[in-house]
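Take a look at the structure below.
Residue numbers begin at 1 in each chain, while the letters A, B, ... track the order of the sequences.
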2 protein chains.
Amino acid sequence: MTQAGKYSELDYSRPAVTVDLVIFTLLDNKLSLLLIRRKAAPFRDRWALPGGFVRVGDSVKDQGEDLDQAAIRELREETNLQGQSLFLEQLYTFGKAHRDPRMRVVTVAYYALIRPDLAGNVHAGSDAADAGWFELQKLGHLPLAFDHQDIVDLALKRIRGKIDYTPIAFELVPETFTITELRNAYEIIKGQSYDRGNFRRRFNRMMADGIIEDCAGKRATASKPAQLYRFVRDLPR
Amino acid sequence: MTQAGKYSELDYSRPAVTVDLVIFTLLDNKLSLLLIRRKAAPFRDRWALPGGFVRVGDSVKDQGEDLDQAAIRELREETNLQGQSLFLEQLYTFGKAHRDPRMRVVTVAYYALIRPDLAGNVHAGSDAADAGWFELQKLGHLPLAFDHQDIVDLALKRIRGKIDYTPIAFELVPETFTITELRNAYEIIKGQSYDRGNFRRRFNRMMADGIIEDCAGKRATASKPAQLYRFVRDLPR
DNA sequence: AGAATAGTGTCTATCAGACACTATGCA
DNA sequence: TGCATAGTGTCTGATAGACACTATTCT
């Protein structure tokens, strides 16, 4: 049987489709993610990834919302961030049978990166008993609902890989940042330390490429103030 | 509304969920992919990616097959390869509203790589009017059904990226291969040429790492025969 | 012998890792 | 003045690109 075949809408039972979000931020120089506490069975009172059903229209004319729309809707709801442009990408689709004991649920997982200066707006959603940021390091002792630990593991693997060849680190520092702040973001995500001098060289190459530009002002520190820079989002082609 | 919320199975209408496959092989030194011709509307007689519905059980005890199972089932059906171990990975999930005019369909796309010596077993599936390999280069003039061109584009982008840091090229050469054959695979996928000498160095490093091992026998060519090698699948850790 | 392909060696530019050194502002 | 952090310079090893050269087999 292939998709090319004839089928009616009733020939096959359908799975429920949800989106789940792995929302990262840097809190107190720790990689953290947003979890909500479940109010209902199964896994009642367990911590889980925020997410929800994809809205599917019930007619040919209205087929509902796109997957990406569903994800960003959930993201804005959970983080209480409405206007800002947010970093959100599809991660992977988890669809093993029995991953939800009640019924067949296929979930399209997304991951998001929230700048630390915006992470303060989290509120418990209407269906969540509670919500909050959790350090990834301390998650080991906290059993998550469903297969959400697998989703978190994959998301971490993804951003660790992607940070080497895409500019996602800029999504985890303020609008204007110092070299040290950016290096901290790299170190936290990768879980390793980078030589200050060598990182500076890398930074300078990015400036030469136009990815980063100088910025008026300095960041006050305990000693010598540091130059501020800005990420150039719209690179001229 | 979040997943943590209370919901009954009937509260929400559900999308149909399918898997679609981008099946690559090397044919006559050209990157090719498997397409089937649709027998039914919509897009009747158009070429499309092979795929099909995910089997979803209708009870709590039987929730049906895993997504990956559905994908490999389709792959084996379409390629007529039953025993062999095949390379298959999830690509991306396409779920825009109205991507199928009849109803809401979310498709989980996978991509597969078939060794050229196994590519001959393709047969037209029961629901397909026809099936065959198409050179990717010549696809430009062939309009595909649904959003399948987007899926193909993304799959190509994925393997082009992945070939640089994973050993997927070995999935597109015979069990034993020469350096030149492997280099050809790289060149075809990346769409660029590699210096013979430099590629050999890279090859030698892979041998030093134990990824590739020497193999008895030579491949006859128009002139000097070439050494054969084998990909070491199970690297000792 | 000549063609064709396999196989080797070398020079250079780039970049990362390691590490030492200088400069500047704050307490 | 001393400390902490910003900022700079240098050496080395690994790797990629360009390219020249040698070796072997077939016709």
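The two residues B/Glu74 and B/Gly51 come nearest to each other via the heavy atoms OE1-O, 3.6 Å.
Rounded to a whole Å, the CD atom of B/Gln227 is 12 Å from the P atom of D/dT25. Across the protein-nucleic acid pair, B/Leu182 atom CG and C/dG7 atom P stand 13 Å apart, rounded to whole Å. Rounded to whole angstrom, the span from the CG atom of A/Asn184 across to the P atom of D/dT5 amounts to 11 Å. The CZ atom of B/Arg219 sits 17 Å away from the C1' atom of D/dC26 (whole-angstrom rounding). Atom CZ of A/Arg183 is separated from atom P of C/dA16 by 15 Å (rounded to the nearest Å). At whole-Å resolution of the value, NZ in B/Lys218 and P in D/dC26 are 11 Å apart. For the pair B/Lys224 NZ and C/dT5 P, the computed distance is 13 Å after rounding to whole Å.
A salt bridge is defined here as a Lys NZ or Arg NE, NH1 or NH2 lying under 4.0 Å from an Asp or Glu carboxylate O, and B/Arg233 with B/Glu171 meets this definition. Between B/Asp195 and B/Arg200, none of the side-chain N atoms (NZ, or NE/NH1/NH2) sits under 4.0 Å from a carboxylate O, so this pair counts as no salt bridge.
A distance of 3.5 Å separates CD of B/Glu181 from OG1 of B/Thr178, quoted to the nearest 0.5 Å. The CD1 atom of B/Ile188 sits 4.0 Å away from atom CG of B/Asn29, with the distance rounded to the nearest 0.5 Å.
With sequence neighbours excluded, the residues that form a salt bridge (Lys or Arg N to Asp or Glu O under 4.0 Å) with A/Arg230 are A/Glu213.
Between B/Phe203 and B/Phe199, the ring planes lie tilted relative to each other; the angle falls in the 30° to 60° range. Aromatic ring pairs are classed by plane angle as parallel below 30°, tilted from 30° to 60° and perpendicular above 60°; the pair B/Tyr194 and B/Tyr186 is perpendicular.
For DNA chain C, the residues of residues 191-206 of chain B within the heavy-atom distance limit of 4.0 Å (strictly under) are B/Arg196, B/Gly197, B/Arg200, B/Arg201, sorted by number. DNA chain C lies under 4.0 Å from no heavy atom of any residue of residues 159-177 of chain A.
Between C/dA6 and B/Thr180, a contact under 4.0 Å exists linking OP1 or OP2 to a side-chain N or O.
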Derivation and outcome, side-chain contact (heavy atoms from CB on, under 4.5 Å), residues B/Tyr111 and B/Leu21: CA-CA 6 Å; B/Tyr111 65 105; B/Leu21 300 178; over 6 Å; no
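Position along DNA chain C of the nearest nucleotide to B/Pro225 versus A/Ala222 favours B/Pro225 as the more 5'-ward residue.
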